Amino acid sequence: MSETENTKESEVAPEPEQDPNHDFIIEKMASGLDSDLFVDRSFGDNIVIEVHPGHIFEVISFIKDFHIYADFLDSITAVDLMTFKGPEKDRGTVPWKEIYPQKEEALPADENASTEEAAFAGPRLYMVVYHLFSFRMKSAIIIKSVMPEEKLEIKSIDSLYGNANWLEREVFEMFGIQFRDSRDLRRLMLPEDWKGYPLRKDYKEEASYRGMATTRPEPLTKLREASLRKGPEPEK
Amino acid sequence: MPNIADYLTSNLGLFAGWSDTAVNLLLILIVCVLVLGFLSLYAGVTSVVERKIAGRMQSRIGPNKVWYRGLFQFLADGVKNIQKEDIIPDKADKPLFRMAPYIVFAGMFASWVALPFGKGLIAADLNIGILFIFAVTSLNVIGVLMAGWASNNKWSLIGGIRSAAQIVSYEIPSGLSALTVILLSGSLSMQSIIAAQGAMPHEWNIAHNPFTAISFFIMIISLLAEGNRTPFDIPEAESELVSGYNTEYSGMRFLFFFFAEWANIWIMSAILTTLFLGGWQSPLLIEVSVLGRGLELSGILFFAGKCLILTFVIIWVRWTLPRLRVDQLMSLCWKYLTPIAFVNILGVLIWMVVFPEGNKMTSMLLVAVYLLIFLYFVYRVIFINLIQMKAKLDFNYFK
Amino acid sequence: MMQTTNNESRGLGANLTNLEKYTIYDPVHDEMELNMGPQHPSTHGVIRLVLKMDGEIVTRVVPDVGYLHRSIEKIGESVTYRGFMPYTDRVDYLSAMHANAGWAMGVEKLAAIKIPERAEFIRVIVQEFNRIISHMIALGTFTMDVGAFTPFVYFLREREAINDLLESVCGARLTYNFIWIGGVSHDLPPNFKEKALEYLDHLDKALDEFNRLITFNKIFVKRLADVGVISREQAKHFGLVGPNLRGSGINWDLRKNKPYSVYPKIDFKVAVGKGYKGTMGDSFDRFYCRVLEMFESVKIIRQALQMIPEGDYKIKVSRKLKPPVGEVTSHVESSRGDMNYYIISDGTDKAYRVKIRTGSFNAMTTLEEISPGMFIADLVAYFASLDVVAPEIDR
């Protein structure tokens with residue numbers, strides 16, 4: 001209960017206003033692209049657009065050029081939605097049900113999944129997030145694309161942005177998401193023979209890598225154990 | 001002109017009655033030891049002084065532990081380096097790798113044969129003095145190239161190649177600007193070149209005519225480049241090539257390279273002093289008696305003083321300027337210094353025809369110009385950098 | 001190794017023309033592979049560049065990063081929001097205040113916390129001080145890479161004093177952990193304002209001295225001008241941020257254009273590259289932009305010190321802060337440009353996902369395509385002009 005008392009003292013910031021360019025961008029996109037390619041998921045002062053992974057290249061190249069000029073790629077990242085909690089309505093930014101209506105029925109829930117996961121029975125999903133920016137509009141555009149684990153593939157945009165390649169490589173090695181038609185999809189930071197995808201929620205590192213232990217016992221526990229074994233110092 | 005050996009035999013009358021061969025061998029040994037002793041002391045002390053000057057310039061202290069204000073730091077460094085393990089890389093070309101430091105050192109040491117120290121104080125007053133010095137200092141190239149190649153390290157190799165290209169290129173402007181002085185004095189011997197100049201600044205070659213003045217600056221630039229000193233230290237550019245040709249060296253072999261580098265500073269200063277700054281010519285005459293015979297001390301002091309001032313300038317330049325790029329270095333040499341040096345030779349020839357005895361007005365004017373430049377510099381240092389700044393250098397919040 | 005090549009989509013225009021130019025001179029095309037780093041004096045930290053060299057000319061650069069990868073993003077998912085603050089220090093150890101501020105602003109936005117104005121001003125002051133010392137290290141090591149050692153030591157001397165000031169504020173000299181969620185950890189010490197103003201007076205002169213010593217030195221300018229030119233289009237293409245972007249002539253500063261904190265109340269200029277000594281977007285522009293930015297930071301601190309109101313310096317925030325479900329992208333103009341945190345909250349006391357995008361990461365991507373055709377000395381100068389910090393790339 002003390003927590004709520006503490007937070008009471010903090011002043012609550014005003015709700016952020018909608019981005020002034022939101023309507024313009026959505027209008028331009030609607031006029032140039034098929035309406036079923038993207039869904040407007042904007043909230044607060046963010047312009048968020050959800051795109052099917054099959055059309056990501058098309059949509060981003062449109063946003064880059066036509067009227068919006070989002071010629072600056074801030075970052076590309078991914079999210080493993082495996083254990084994403086929260087009430088259904090708060091998952092508005094992650095509307096996999098609408099994008100994959102048929103997939104959800106086709107794929108049964110994993111029987112071995114824990115109770116938490118079972119609460120969101122459905123395919124295991126990953127979300128790739130593109131942060132774009134337009135100097136001309138002075139607006140950031142967030143593009144999201146959700147894909148099931150069975151088909152972790154998305155078209156690379158490294159021909160559109162110079163820094164996309166490295167960002168994609170990072171996503172590739174950390175999440176195992178393949179970027180189709182990438183010019184050079186190698187691992188960026190991890191060694192070539194590293195097993196697993198570290199930023200996935202179910203990642204467990206191996207006990208050793210090339211004969212080197214990846215974990216070590218907690219120094220304090222070790223000390224405590226040693227002192228317990230030895231017992232108190234004998235008197236002389 | 002007499003030399004050290006003459007001084008020892010005829011002036012002091014040592015070794016009378018010995019066989020000629022024995023005397024010659026003994027004299028060679030004595031002169032070698034004397035020169036090597038001076039050279040070692042100079043290189044060692046300069047290494048400390050350079051670090052002290054660098055420290056002063058950079059608001060640091062520098063070495064200050066060994067004896068008086070760290071003056072004997074070089075002895076400690078030497079002892080440390082002798083104790084170090086002599087590491088030779090596994091894939092290195094071992095004979096070449098071992099030999100390279102000695103060749104660099106030998107080339108440097110050989111040039112001391114023709115370096116004057118005072119009137120009558122020279123190991124051998126060769127009649128091709130200055131040419132001899134240019135020739136043997138070029139041995140440096142072979143040593144450095146050997147070190148770079150034998151280390152079997154790509155960075156060292158690049159350093160070695162850079163060094164070879166640089167030293168060979170800069171021989172030309174330095175040789176050409178030395179030629180202007182040779183034309184004036186009509187001799188290649190170091191002692192005769194000095195003897196052709198006078199004691200006062202307006203009698204020095206640097207103020208003889210505008211062309212020799214330009215020659216002096218070409219010479220100082222070329223010698224800096226030949227000695228691999230900043231701003232021309234691209235063969236050992238530590239931020240690009242790690243350490244250049246001496247990357248793989250350790251212990252005493254490493255020390256030999258640096259020994260040669262510091263001793264080289266004296267060679268540079270001595271050449272400049274001899275050719276342009278009047279050498280050991282002095283307006284005063286102080287004679288001291290050594291073993292019963294007179295030795296002109298004032299000349300030695302003047303020569304050493306000029307050399308030490310130049311040493312300071314060389315060190316000062318090193319800790320002030322950034323480094324040039326390879327192509328800039330080459331274009332500076334071939335596009336600017338070499339053509340200007342050629343023009344200088346022509347200019348000096350014409351000057352010699354027009355004013356066979358030299359022109360005193362021009363000399364005085366040049367000296368005045370140097371003085372003005374120096375005064376302006378002092379003004380800048382005092383009135384712009386120090387007074388205007390008034391920097392509180394030891395700002396400390398907790399004081 | 002996964003590798004798919006598609007020549008049409010490579011976008012290696014600059015690279016290929018350079019290669020072609022160079023093959024005219026050397027039809028044999030005999031290259032030497034050179035390993036630069038990870039323990040190389042001018043790769044600042046542990047970054048490795050594999051170079052293909054033709055004599056002195058670099059024909060290809062393959063950067064190899066990841067030596068400092070500590071998976072800070074994963075740590076962010078396993079510690080509480082407030083517990084993550086010390087880790088942000090380590091993302092960019094040279095401008096830890098900005099890293100702190102970015103995280104704090106993100107979480108505050110997520111949890112809809114409004115912090116007192118005094119805390120905002122303190123944040124601005126310490127951030128600008130941190131920007132100055134970060135630029136000092138950047139410029140100092142830059143000059144050292146170009147061969148001048150003395151300016152570096154001058155800057156270390158000046159930096160020491162600011163370190164003293166920041167130490168008096170928060171007790172740390174490098175990794176501060178000073179900006180907390182809900183304000184700052186301590187109030188300014190009693191005589192901070194006087195000391196800071198006294199120091200700033202000195203700093204103006206010290207920066208002038210630095211300019212006289214090295215910035216307009218002929219050799220230095222020659223080494224930097226027209227080296228590693230990044231055009232406006234390329235700068236946007238590679239997603240450059242901060243001084244690197246402004247050096248290319250794009251007038252974009254988050255403090256001005258997307259103002260946060262109390263920056264709108266403060267009057268300052270944005271330093272933009274104009275081709276001061278050569279082409280716009282060359283290494284000298286990036287260098288000089290940083291110099292000018294330090295002068296602007298001094299101005300900002302002066303104003304902030306005058307305007308700072310009395311009041312609370314922090315508000316109480318629960319140790320186990322639980323922001324509502326949602327996501328936020330917080331941008332902060334760090335010394336190395338726009339540093340952004342993308343935070344997803346799932347309603348618990350730990351972030352669901354933290355993504356940190358830093359300026360150095362984007363700057364590193366330019367190396368592969370800008371540097372072919374350069375001399376190795378130019379590569380060193382160009383690399384130094386990008387001011388990358390290794391842990392910021394690897395995180």
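As the structure is a computational prediction, the values presented were derived from the model and not from experiment. Just so we're on the same page: letters track the sequence lines, and every chain starts at 1. Hydrogens, waters and symmetry mates are skipped; everything else that's a heavy atom, side chains included, is used.
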Trp319(B) backbone acceptor or donor facing Thr150(C) side chain under 3.5 Å: yes
Heavy-atom neighbours of Arg60(B) CZ exceed 12 at 6.0 Å: yes
Within 6.0 angstrom of Lys84(B) NZ, more than 12 heavy atoms from elsewhere: no
Thr320(B) OG1 to Ile214(C) CD1 distance, which is reported to the nearest 0.5 Å: 9.0 Å
Choice from Val380(C), Leu156(C), Thr143(C) maximising heavy atom contacts with chain B below 4.5 Å: Val380(C)
Worked check of side chain to side chain contact (heavy atoms under 4.5 Å, CB included) between Arg325(B) and Glu56(C): CA-CA 10 Å; Arg325(B) 211 197 303 148; Glu56(C) 287 274 342; over 6 Å; no
Atom CD1 of Ile61(B): over 12 foreign heavy atoms under 6.0 Å: no
Chain C contact via Arg162(B) - which portion, at a heavy-atom distance below 4.5 Å: side chain
Contact class of Asn217(C) relative to chain B, heavy atoms under 4.5 angstrom: side chain
Student check: side-chain heavy atoms of Gln328(B) and Arg223(C) closer than 4.5 Å: yes
Residue part contacting chain B, namely of Val221(C), when any heavy atom lies under 4.5 Å: neither
Which atoms of Lys222(C) approach chain B - backbone, side chain, both or neither, heavy atom under 4.5 Å: both
Residue list, ring-ring contact (aromatic ring centres under 6.0 Å, His included) with Tyr154(C), at least two apart or on another chain: none
Residues Glu33(C), Lys154(B): salt bridge by 4.0 Å N-O rule: no
Side-chain donor/acceptor of Arg323(B) to backbone N/O of Ala148(C), under 3.5 Å: no
Option that, when pairs with chain B are counted at under 4.5 Å, heavy atom only, ranks first among Phe152(C), Phe375(C), Phe220(C): Phe375(C)
His40(C) and Trp155(B) aromatic ring geometry - parallel, tilted or perpendicular at 30°/60° bounds: tilted
For chain B, the option from Asp204(C), Asp145(C), Ile219(C) that forms the most heavy-atom pairs under 4.5 Å: Ile219(C)
CG on Leu34(C) to CG on Asn153(B), rounded to 0.5 Å: 8.5 Å
Closest-packed option against chain C by number of heavy-atom pairs under 4.5 Å, given Val326(B), Leu157(B), Leu321(B): Leu321(B)
Residue part contacting chain B, namely of Leu379(C), when any heavy atom lies under 4.5 Å: neither
Tyr370(B) atom OH: more than 12 heavy-atom contacts under 6.0 Å: yes
